[in-house]
Amino acid sequence: MKKKSIRTKLAIDLFTLQGQWTAWFLGIMFVVYIAHILYPLLFSGESGRTVDDFYARTYISGNIYMLVIGIITSISCLPYYVQNGITRRDYFFGATISTLGLAIVIPLIALIIRFLSKGMIDWTNLPIDLKGLTGASAAEEDPFIAQMILAVIYAPSVVEISGLSLLVFMVNLFFYYVIGWMIGSGFYRFGGIKGMLFVVLALAIFLINAGIWGNPVPGWLPIPDLTLSFYAIIGTVLLIFIVLGIIRLVTRNVRIKL
């Protein structure tokens with residue numbers, strides 16, 4: 001009972017901390033989004049424009065955001081909590097639960113803002129056409145570097161907004177966070193060149209995930225193409241569990257640097 005209480009309290013604490021960062025992130029995203037809609041109308045008289053809706057913008061930038069805060073928290077939060085008497089095991093479970101909560105909340109907020117802004121645009125009859133998610137992936141003939149970059153930047157998506165789209169969004173956010181967590185943990189424990197190996201490992205996992213979702217990857221990677229389906233989601237979830245296992249192995253006996 002005590003263990004559960006500690007992990008729950010830690011999860012709430014980390015969720016609150018990262019929730020504050022996320023509020024700033026989404027707030028800045030929203031200001032930029034509104035400015036992108038209104039500035040041309042007010043100052044250049046441009047009309048009939050097509051603008052990515054808030055959900056689509058958050059879908060892309062949210063993944064990179066989660067990757068970044070995954071790196072930051074792995075380097076800064078683990079030492080802080082361990083120095084204050086929290087075990088590495090409790091931190092691992094607490095951080096995992098808080099990340100799951102964050103991955104659920106962000107898509108819901110993005111979806112609410114998307115519908116509210118669309119309703120406002122329709123109500124005021126602004127000459128703006130909101131564009132939703134579009135698929136993006138590398139071509140088979142693209143060079144390896146291009147395939148790698150797109151595997152990182154463009155997460156798998158469901159174009160039409162639906163329950164499946166929300167689920168994929170949430171899984172993507174969690175996936176990107178644990179990748180960042182793994183990279184940060186590797187650098188914190190090993191530093192330097194050994195830490196760079198975790199970046200290489202992360203890129204390989206991104207490629208594998210892209211291949212699972214049917215995107216072109218190098219032929220020497222024997223990855224089953226599960227395309228956009230429930231099986232692809234399971235594939236990404238399995239990758240998440242593998243990455244969490246790596247994180248646990250790296251951090252279970254890590255020496256805290258004072």
Side-chain angles (χ1 to χ4, degrees), residues 15 18-19 21-22 25-26 29 52-74 95-114 131-138 147-184 199 201-217 223-247:
F15 179 82
Q18 295 176 108
W21 301 347
T22 302
F25 165 70
L26 292 176
M29 284 276 297
D52 291 337
D53 66 34
F54 192 80
Y55 185 84
R57 287 170 177 249
T58 309
Y59 199 102
I60 302 300
S61 58
N63 294 316
I64 304 303
Y65 165 75
M66 291 292 275
L67 179 71
V68 171
I69 67 170
I71 295 173
I72 292 173
T73 53
S74 65
T96 301
I97 295 169
S98 70
T99 304
L100 182 60
L102 203 62
I104 291 172
V105 168
I106 291 176
L108 295 176
I109 294 175
L111 187 64
I112 291 170
I113 294 176
R114 187 260 183 192
K131 182 178 67 174
L133 282 168
T134 56
S137 64
Q147 294 179 349
M148 178 69 72
I149 292 173
L150 287 174
V152 174
I153 295 177
Y154 289 103
S157 63
V158 177
V159 175
E160 296 296 327
I161 293 180
S162 62
L164 180 60
S165 174
L166 273 174
L167 178 60
V168 174
F169 193 176
M170 293 172 184
V171 170
N172 284 337
L173 291 174
F174 196 88
F175 175 72
Y176 274 74
Y177 186 98
V178 297
I179 291 290
W181 188 1
M182 181 186 71
I183 293 172
V199 176
L201 176 60
L203 293 175
I205 293 172
F206 274 123
L207 271 179
I208 292 171
N209 189 56
I212 287 174
W213 286 86
N215 295 326
V217 294
I223 302 169
D225 176 2
L226 301 179
T227 64
L228 185 56
S229 66
F230 186 67
Y231 296 106
I233 297 175
I234 292 176
T236 300
V237 170
L238 287 176
L239 286 177
I240 289 172
F241 276 105
I242 291 172
V243 174
L244 285 173
I246 294 172
I247 292 169

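- Under the rule for a side chain to side chain contact (heavy atoms under 4.5 Å, CB included), the partners of L108 that lie at least two apart in sequence or sit in another chain are I104, L166, M170.
- Taking CG of L26 as the reference point, atom CD1 of I113 lies at 6.0 Å (rounded to 0.5 Å).
- How far OH of Y176 is from CG of L67: 8.0 Å, rounded to the nearest 0.5 Å.
- Between Y177 and Y65, the distance from one ring center to the other does not fall under 6.0 angstrom.
- For T96, the side chain to side chain donor-acceptor pair (under 3.5 Å) criterion is met by no residue, not counting sequence neighbours.
- By the side chain to side chain contact (heavy atoms under 4.5 Å, CB included) test, I97 is found to be paired with A11, residues two or more places apart in sequence or in another chain being considered.
- Between atom OH of residue Y55 and atom CD1 of residue I60 there is a gap of 11.0 Å, rounded to the nearest 0.5 Å.
- Remark: L102 pairs with F15, Q18, T22, M66, I69, I106 by the side chain to side chain contact (heavy atoms under 4.5 Å, CB included) rule, at least two apart or across chains.
- Atom CD1 of I242 is separated from atom CE of M182 by 11.0 Å, given to the nearest 0.5 angstrom.
- Considering only heavy atoms from C-beta on, T73 comes within 4.5 Å of W21 through its side chain.
- Heavy-atom minimum distance, S74 versus W181: CB-CD1, 3.4 Å.
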Next item on the list: Check the pair F175 / F206 against ring-ring contact (aromatic ring centres under 6.0 Å, His included), numbers first and verdict last.
Entry: CA-CA 9 Å; F175 175 72; F206 274 123; 5.7 Å; yes
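- A distance of 11.0 Å separates CG in L238 from CG in N209, rounded to the nearest 0.5 Å.
- Under the side chain to side chain contact (heavy atoms under 4.5 Å, CB included) criterion, L167 pairs with V171, I233, not counting sequence neighbours.
- Closest non-hydrogen pair, V243 versus I205, comes out as CG2-CD1, 3.7 Å.
- Taking every heavy atom of both residues into account, A110 and F169 meet most closely at CB-CE1, 4.5 Å.
- At least one donor-acceptor pair under 3.5 Å links the side chain of N172 to the backbone N or O of V168.
- Residues meeting the ring-ring contact (aromatic ring centres under 6.0 Å, His included) test with F174, sequence neighbours left out: none.
- Atom-to-atom distance recorded for I179:CD1 and L239:CG is 7.5 Å, nearest 0.5 angstrom.
- Nearest heavy atom pair, residue A103 against residue P107, reads O-CD, 2.9 Å.
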